[in-house]
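Okay, structure first, notes after.
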There are 2 protein chains.
Amino acid sequence: MRGQETEPVPDVVVSRLPLYLRTLTFLAEEGAEIVSSAKLAGRLGLSPAQIRKDLSHFGEFGKQGSGYQVAYLRQKLQEILHLTRTWDVALVGAGDLGHALAHYGGFIDRGFRISLVFDNNPQKIGREVGGLTVLSTELMKAELRRRQIRVAIIAVPAAAAQKVADELVDAGVSAILNYAPITLNVPAGVNVQYMDPVVHLQHMTYYLEPPAQ
Amino acid sequence: MRGQETEPVPDVVVSRLPLYLRTLTFLAEEGAEIVSSAKLAGRLGLSPAQIRKDLSHFGEFGKQGSGYQVAYLRQKLQEILHLTRTWDVALVGAGDLGHALAHYGGFIDRGFRISLVFDNNPQKIGREVGGLTVLSTELMKAELRRRQIRVAIIAVPAAAAQKVADELVDAGVSAILNYAPITLNVPAGVNVQYMDPVVHLQHMTYYLEPPAQ
DNA sequence: TAGATTGTTAATCGATTAACAATC
DNA sequence: TAGATTGTTAATCGATTAACAATC
């Protein structure tokens with residue numbers, strides 16, 4: 001317990017909170033009303049102590065002897081992660097991946113809604129994707145500013161990604177989920193998360209025996 | 001330098017190697033022949049010392065005074081990550097995301113090839129996706145065994161993912177890239193990497209001011 | 001040679017874990 | 001009450017960084 005929030009919470013702790021939240025949602029769907037740090041840890045492959053320590057950065061949410069109320073902790077995590085509202089997200093790139101993201105039904109009940117789709121291909125501009133009309137990237141900056149969009153997803157080829165990132169930052173975006181296989185250069189204060197499947201596959205092949213073939 | 005490889009390399013080090021490799025490929029395309037740890041670090045937003053320390057787990061690849069030969073270090077990283085051959089990958093799930101992955105052109109020159117696509121939907125079985133015929137998941141175990149597939153991608157809804165994972169493991173798969181928003185339970189020796197866009201978006205909203213709206 | 005940069009050591013920093021008093 | 005589990009402290013563990021001799 002503490003009065004005013006002072007020490008910043010380590011980013012590695014923050015990165016686990018969405019996993020806790022996701023698991024709590026499952027537990028709630030399964031009808032669980034109470035969960036212990038041990039049970040939550042078992043689901044996630046973490047240690048109970050780590051979960052308790054992580055949560056202790058934000059307050060006291062459990063009860064000795066029983067554990068955490070699932071609905072309550074879930075609510076608290078949503079508040080901590082600023083998910084008590086829905087964030088409008090701009091999607092840049094209306095290719096195969098952009099289509100998949102625009103059609104993905106898993107955003108809305110976890111705090112996000114793709115509200116704008118951009119592409120620079122005249123063939124795609126004006127088409128409809130996931131209920132949205134694809135807009136020209138030339139309109140991007142103005143639209144993002146007007147709608148005060150803070151979150152964007154980059155789903156363009158690597159060669160175009162840095163330019164898109166620059167424009168997004170210029171338009172006031174400060175959270176970027178980047179599917180392009182390239183490290184982006186962004187100013188301090190802008191957060192980038194990376195989603196390159198090949199990077200994760202390559203990470204795993206390290207542990208695979210180089211097969212005979 | 002050491003004789004026989006003894007100490008295991010920390011996983012956090014392994015996780016950075018694909019990023020080094022990716023950046024070296026870019027540098028090679030840009031025509032760079034030599035790169036210093038400082039330049040590589042600048043590109044990646046890391047410290048030069050970290051890159052040198054990471055690489056030192058595997059050998060001595062640089063030259064005092066100049067740095068690393070791009071082509072040589074790239075080759076070495078490919079060998080370390082077992083990327084001197086192409087890995088056949090099974091894709092499970094032929095929905096929007098599965099389509100996007102099957103059509104993605106970025107796998108082949110980075111060591112992977114989607115060779116099999118499975119789905120349990122009779123509407124999809126027999127259809128063609130990215131040049132491959134969608135097979136029934138009922139054939140999965142036999143096909144994976146027969147072709148000795150070690151790497152798979154899960155692109156099915158969360159509700160189906162654990163069952164798919166169990167079947168993949170049973171079929172001998174030991175590296176799973178999981179797009180379903182759920183933590184998988186797998187035996188020791190099976191590696192899972194997660195790709196849940198919402199988890200990464202939620203990580204970032206922690207740092208965003210909860211907007212007025 | 002002088003300048004630059006590696007590979008490595010030791011110091012620092014930070015994260016995880018173990019343990020337990022508090023308490024439901 | 002007895003048993004269980006939290007929140008927290010201190011210890012441990014591991015990763016990052018700083019610094020520099022070696023050397024290209």
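So you know, we letter chains A, B, ... as the sequences are listed, proteins then strands, and number each from 1.
Rounding to the nearest 0.5 Å gives a distance of 5.0 Å between CG of B/Leu55 and OH of B/Tyr68. How far CD1 of A/Ile149 is from CE of A/Met140: 11.5 Å, rounded to the nearest 0.5 Å. Considering CG of A/Leu81 and CG of B/Leu201, their distance stands at 11.5 Å, rounded to 0.5 Å.
A 3.5 Å limit on both hydrogen-bonding distances identifies D/dT9 as the Watson-Crick or G-U partner of C/dA18. In this structure, C/dA4 forms a base pair with D/dT23, meeting either the Watson-Crick or the G-U wobble geometry with both donor-acceptor distances under 3.5 Å.
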**Report entry** Protein-to-nucleotide contact annotation, 5' to 3' order, nucleotides 17-24 of chain C [B base; S sugar-phosphate only; - none; under 4.0 Å, heavy atom]
**Finding:** BBB--BBB
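Nucleotide D/dT5 holds its P atom 11 Å from the NZ atom of A/Lys39, rounded to whole Å. Residue A/Leu44 contributes atom CG, which lies 14 Å from atom P of C/dT16 at whole-angstrom precision. Rounded to whole Å, the distance from CG on A/Asp54 to C1' on C/dA15 is 10 Å. When rounded to the nearest whole Å, the span between CZ of A/Phe61 and C1' of D/dG7 equals 12 Å. For the pair A/Phe58 CZ and D/dT8 P, the computed distance is 13 Å after rounding to whole Å. Rounding to whole angstrom units, NE2 of residue B/His57 and C1' of D/dG14 are separated by 11 Å. Between A/Leu40 atom CG and D/dT6 atom C1' there is a gap of 14 Å when expressed in whole angstrom units. Rounding to whole angstrom units, CD1 of residue B/Ile34 and C1' of C/dG3 are separated by 16 Å.
Among the atoms of the strands shown, only primed sugar atoms or phosphate atoms (P, OP1, OP2) are found under 4.0 Å from some heavy atom of B/Pro10.
With 3.5 Å as the limit, one finds a donor-acceptor pair spanning the side chains of B/Asp166 and B/Gln162.
Taking only side-chain atoms of A/Tyr68, from C-beta outward, the nucleotide of D/dT6, C/dT6, D/dA15 with the closest atom is D/dT6. Closest to the side chain of B/Glu60, out of C/dT6, C/dT16, C/dT8, is C/dT8.
A salt bridge links B/Glu30 to B/Arg43: one of the charged nitrogens lies within less than 4.0 Å of a carboxylate oxygen.
For the pairing with A/Asp88, the side chain to side chain donor-acceptor pair (under 3.5 Å) check across A/Gln148, A/Arg113, A/Arg150 returns one residue only, A/Arg113.
For A/Phe61, the ring pair (Phe, Tyr, Trp, His ring centres under 6.0 Å) criterion is met by no residue, not counting sequence neighbours.
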